[in-house]
Amino acid sequence: MEGSAVTEFDHPTFRLAVAQYDQAAELMDLHPNLRERLKAPQRALTVSLPVRMDNGSVKVFMGYRVQHDSARGPSKGGLRYHPEVNLGEVAALAMWMTWKTAIAGLPYGGAKGGIKVSPSALSQGELERLTRRYAAEIFPIIGPNKDIPAPDIGTNAQVMAWLMDTYSEQVGFAVPGVVTGKPLAIGGSAGREEATGRGVVNVTLEALKHLKIELSKTTVAIQGMGNVGSHTARIISEAGAKIIAISDQNGGLYNSHGLNIPDILKRYQEEKQSLNSMHTLGDPLTNEELLTTDCTVLIPAAVAEQITQHNARNIRCRILVEAANGPTTLEADSLLADRDIFIIPDILANSGGVIVSYFEWVQDVQRFFWKEADIHERLKEIIVSAFQRTLDYAQGKKTTMRMAALMNGIDRVAQAHQLRGLYP
Ligand code: NAD
């Protein structure tokens, strides 16, 4: 990346995002001027966040907000709290958000935020002070018409409530539309919490239909039991698929006859039992074993770069649904391309979250709220048509689902730039 405007963001995940973008831009013969322009984020803010800890000391955390592109509307993207967050990773995730919102046809650009912190190591009070200070520092660049954060790894509805409150206190009135993924009581949307998992299931069912695989004969392995993984597990098992393996960062559980998901989720979420300790429900397995489990559908729903050149040859699924962002490295992607594995890329597979976030924002701006059944139905309509469009494009251009999704998204963003022109 030497000599390029993007060296400041150098990081393995950013390199992955740029390499994917370059491949697609090459295939679609994107004009060099625009090609260069879309590589670097439009705006990136780094903030230091002094926080008074419970013991009276002051600790300083690093925070970021990166807005990759806003040609099609306000930028939109999650906020991640994780000890490995850094500017390059956030920039990569922001770029993926630009393509994701475009593929789904939402009137948004892409952004992402993050704080380098292990949230479980903080008390509730420390977490609140950290979040409020972050909100105050990024205040000038966020807003319902500018940039709208949402939850991601390590953040939740409560964190969104603190962001919304801090922003609202600064302007002097309640502004629910400044964040999505909020609690219902302050303008959140029905169905938002499970939206990413529900969207993952919607596209998985479409892929099964396309490949003519019966749901009753479908086995599923899911990595990650957080927001996305747990809702995906619940909804796909309710739909009739058999889940044979699940995991979190501490390991997982396997049962070839099918795991009892309601029982497992109750013990895991309410009783805080670890997955690999539930001996009566299955056998313990490692994350590496989960990823190479023989199954119909493999769903990585945890962190990036899980499928690599080291394990790609051993992946034994028919369909790979990327619920996490960036779970497959570039090297692994080309190894998988030689195999008969149907990949639903992240920017399509996990777009259910931002689609329902869009519904939440529309409801907030209009002060008019929809029923949960309407949310589910409209989510399905948008994500299934994005899936179909991508599939048609992939078949028409004889390319992969990943390239088709990227080309489709990039093309919509490119059109917006061409129409708007270059300022000044
Ligand atoms: P979360 O924090 O709720 O859950 C993350 C899960 O991953 C946890 O179960 C954790 O134990 C597990 N995990 C962490 N490191 C792991 C490792 N090394 N190996 C195996 N498991 C590990 O996060 P989430 O909101 O469920 O997000 C999961 C993924 O989905 C992320 O890549 C995120 O960017 C993506 N995503 C989330 C949303 C959303 O609406 N929450 C939307 C789109 C994409």
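Read the numbers this way: they start at 1 and go in the same order the structure lists the ligands and their atoms.
Relative ring orientation between Trp99 and His68 is described as perpendicular, the plane-to-plane angle rising above 60° on a 0-90° scale split at 30° and 60°.
Using a 4.5 Å cut-off on side-chain heavy atoms (C-beta onward), Ser247 and Met225 make no contact. A 4.5 Å side-chain heavy-atom check between Pro176 and Arg367 finds at least one atom pair inside the cut-off.
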Ligand-protein N/O pairs under 3.5 Å (ligand 1):
unit_1   : atom_1 : unit_2 : atom_2 : d
ligand 1 : 3 (O)  : Asn227 : N      : 2.9
ligand 1 : 9 (O)  : Met225 : N      : 2.9
ligand 1 : 9 (O)  : Gly226 : N      : 3.1
ligand 1 : 11 (O) : Gln249 : N      : 3.0
ligand 1 : 21 (N) : Gln249 : N      : 3.4
ligand 1 : 26 (O) : Asn227 : N      : 3.2
ligand 1 : 26 (O) : Val228 : N      : 2.9
ligand 1 : 32 (O) : Ala302 : O      : 2.9
ligand 1 : 32 (O) : Asn325 : N      : 3.1
ligand 1 : 34 (O) : Arg80  : NH2    : 2.9
ligand 1 : 34 (O) : Asp152 : OD1    : 2.8
ligand 1 : 34 (O) : Asn325 : ND2    : 2.9
ligand 1 : 40 (O) : Thr196 : OG1    : 2.7

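Side chain of Asp147 to main chain of Ile142: no donor-acceptor pair is present (N/O by atom type, distance under 3.5 Å, no hydrogens or angles).
A salt bridge links Arg35 with Glu26: at least one charged nitrogen is closer than 4.0 Å to a carboxylate oxygen.
Aromatic ring centres of Phe387 and His210 lie farther apart than the 6.0 Å criterion allows.
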